[in-house]
2 protein chains.
Amino acid sequence: METITIKDIARALNLSTSTVSRALRNSYEINNETKKLVLEYAEKMNYRPNPIALSLRDSKSKSIGVIIPEIANNFFSQLINGIESIAYNMGYHVVIFQSHESYEREVANTNYLVSRKVDGLLVSLSSLTTDLTHFEELLEKGMPIVFIDRVPKNIDTHKIVVDNFFGSYQATEHLIKTGRKKIAHLTSPFYLSITMERLDGYRQALEDNGIPFDESYVKYCHHGGMMTSENETAVQELLDMPEPPDAIFTASDRLTTSCLSVLHQKHIRIPEEIAVVGFTNTGIADLLNPPLTAVVQPALDMGHQATELLIRLIEHPKKPTVFETRSLKTSLIIRESTASKTVDV
Amino acid sequence: METITIKDIARALNLSTSTVSRALRNSYEINNETKKLVLEYAEKMNYRPNPIALSLRDSKSKSIGVIIPEIANNFFSQLINGIESIAYNMGYHVVIFQSHESYEREVANTNYLVSRKVDGLLVSLSSLTTDLTHFEELLEKGMPIVFIDRVPKNIDTHKIVVDNFFGSYQATEHLIKTGRKKIAHLTSPFYLSITMERLDGYRQALEDNGIPFDESYVKYCHHGGMMTSENETAVQELLDMPEPPDAIFTASDRLTTSCLSVLHQKHIRIPEEIAVVGFTNTGIADLLNPPLTAVVQPALDMGHQATELLIRLIEHPKKPTVFETRSLKTSLIIRESTASKTVDV
DNA sequence: GACATTTCTGGTAACGTTCCCGAGAACGAT
DNA sequence: ATCGTTCTCGGGAACGTTACCAGAAATGTC
């Protein structure tokens, strides 16, 4: 276990480090007997190549960096599981960093990961990131990056997203079909790609069903849901309107829980007074009170696909002629929080 | 941004690398003007020392490895946040690995982290780990390790745990005081330290209140809650008993949700028919149906303290005369899932 | 003015690995 | 016997950094 090196093997076997190195890599130009000797000794002494030395030499590390807003969120932890399973099989290690929705920490993490010579980056943007130069410069320099879920519009690289428009349209339409007409939308900062797409789906569903879009029913939470007080204020404002909504459609996990929390405090009955449907990947949506109708994102699969694309980029550095943006479908799981007011299905 | 090195600076300023290196570290033996020259040029060119080279040279990395069962669990993700906040302030980076409750992956992660030259390890044992030689050998070699929550009995190093006996006693006593007499306990594999301690607290509370301990009310889930089917079978067995319990005390997050899930499926009313209290750190316990009485662990603080101890170990390699085992208190948050049967408080 | 001391800087090895270059031995071909 | 191949191996440099050793110049001391 004493971290034996190639030099130690060379000394012990009275060979040169070059020979040992080549024997270890099974080079054709090494005598079979020598090879066998080295291999057996290495095995016996439990030789493991020093990844640091390799990184220094080759400027790469067989590892990929992941930068996400937070891990204490089921969507992201499932995403990580998807990433890890593929990376693991392909011989890559995964280094995880949280931006905590902070631009500064996103930049700091990016720089560190780069100095640590990760071979590629998987990133989901912080909700406070508007300046993207740190990623643009990296792409210029040839660092492979794949964006997931929260992706930048103006950067050309692979992206894995969900069809937010569709998911949002479906959720809104479901609310309408179950009898709601005054549907509010609680969402993230407007400059995030996902915010706009979800808003568009929401708006389109309303219009397709003859309900005029009303901007005052849309609340943006600028801290991306990280600041509970802000979320709760937004819900409160909705309730205080002259015509309070009869349904709330929330665009993220934390927004959803904040919303439920306020409605409970106010003893507002769900779904009788206000129906709720939200984007969320929590595993216990059906244990909530009431069980929550949810737009679920295929987080695991998103992790898989993003990692596959990234590793392909890493291992085939010739620039692909065109970058993909894969859009996966969300699924709407209908539960009691949106049960019909009138008796129909 | 093109990763400038000390050599580049030396060449540009017509100095030697030694001089530049020393100027950068503000060595006393370098002329102030030279120092200023170097510092300014380094700043201008955005010089950043290459951490890989430093790691190779010094066999350390200013980073600490974290090995936990899974991140998709609020206790552990809060723990990580606690770890990160301290580590970040002390200039350390955090590398997270999941064992997924698998012994093999725990060992593999450990080895990798060691080869990556992390300066220390923070570990919460996989529920399937019984052989601890991989950690023992490391400690022998002087690697600082601090265990958290799921700790080994026979290894002598710093440990951060919660007072499982107390938490368990408190929860059980609460069930008794609210009128339950047939209290079941759903728990993790018996060889984990936390399992035994929680069982002891449960048993002691029963005995102190004149309720005989009945082994058939205790169910061990050998996969640590990772296998939902196993958990659900266990609950089912409890329900099928000639004298089914009127309360279930669950020892972990996943066990708790599995339990609630089965009770819901069977349309068993909580708390009227069966009360439920569980160890959990989920942020949405009060949004559950019914709101869940919970034993909450001070995950963030555990992360803080463990990291402080670890960094102290790293930076003061002289062996401490005695290792600490800090035991933090859990808190019992009472909600409706254990509301009294009779009207009293 | 001779010598000791301080101040400043350069060269080099080392961390572990791989790759390029070269070179000796054995071999067959001419 | 000489030459070109093939097989097998060793030497050295390089990745970026710091520490040790040394040495030149400047200053101080008597």
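In what follows, chains carry the letters A, B, and so on, assigned in the order in which the sequence lines appear, proteins first and then strands, with residues in each chain numbered from 1. Being a predicted model, the structure only gives us computed values, none of them experimental.
Counting distance only, with no hydrogens placed and no angle test, the side-chain atoms of A:Arg48 and the base atoms of C:dG16 include no donor-acceptor pair under 3.5 Å. Side-chain N/O atoms of A:Arg57 and base N/O atoms of D:dG16 include no donor-acceptor pair closer than 3.5 Å. Donor-acceptor pairing under 3.5 Å, judged by distance alone, is absent between the side chain of B:Ser16 and the base of C:dG11.
In the set C:dC20, C:dT18, C:dT17, C:dC20 carries the atom at the smallest distance from any side-chain atom of A:Arg22. Comparing C:dT17, D:dG16, C:dG10 against the side chain of B:Thr19 picks out C:dG10 as the nearest.
Each of B:Val20 and A:Ile6 lies near DNA chain C, and the nucleotide nearest B:Val20 is the one positioned closer to the 5' end.
Both the sub-6.0 Å distance and the 45° axial angle are not jointly satisfied by A:Arg48 relative to the ring of B:Tyr112. At least one cation-pi condition fails for B:Arg22 and B:Tyr28: the charged atom is not both under 6.0 angstrom from the six-membered ring centre and inside a 45 degree cone around its axis.
Protein atom CG of B:Asp8 is 13 Å distant from nucleotide atom C1' of D:dT17, rounded to whole Å. Spacing between atom CZ of A:Arg11 and atom P of D:dG10 amounts to 14 Å, rounded to whole angstrom units. Atom CZ of B:Arg116 is separated from atom C1' of C:dG16 by 13 Å (rounded to the nearest Å). In this entry the distance linking CG of A:Leu15 with P of C:dT17 reads 15 Å, nearest Å. Rounded to whole Å, the distance from CG on B:Leu54 to C1' on C:dA14 is 14 Å. For A:Asn50 and C:dC15, the CG to C1' distance is 8 Å, given to the nearest whole Å. Rounded to whole Å, the distance from CG on B:Asp58 to C1' on C:dG16 is 14 Å. Whole-Å rounding puts the A:Arg25 CZ to D:dC9 P distance at 18 Å.
Note on A:Lys7: a side-chain N or O is less than 4.0 Å away from OP1 or OP2 of C:dC15. Taking 4.0 angstrom as the limit, B:Ser18 places none of its side-chain polar atoms (N or O) nearer than this to OP1 or OP2 of C:dG11.
Using modelled atom types, one finds no donor on one side chain facing an acceptor on the other under 3.5 Å when comparing A:Ser21 with A:Ser18. Side-chain polar atoms of A:Asn81 and B:Glu70 form no donor-acceptor pair below 3.5 angstrom. Donor-acceptor pairing under 3.5 Å is recorded for the side chains of A:His304 and A:Ser85.
Residue-level contact check: B:Leu56 touches the bases, meaning some heavy atom is under 4.0 Å from a base atom. Within 4.0 Å of A:Ser21, counting heavy atoms only, lies at least one base atom of the nucleic acid.
Aromatic pair A:Tyr103/A:His134: centroids less than 6.0 angstrom apart. Ring-centre distance between B:Tyr41 and B:Tyr47: not below the 6.0 Å cut-off.
B:Glu136 has no carboxylate O lying under 4.0 Å from a charged side-chain N of B:Lys141, or vice versa, which leaves the two without a salt bridge.
Listed by residue number, B:Glu29, B:Ile30, B:Asn31, B:Thr34 are the residues of residues 28-40 of chain B with a heavy-atom contact under 4.0 Å to DNA chain C.
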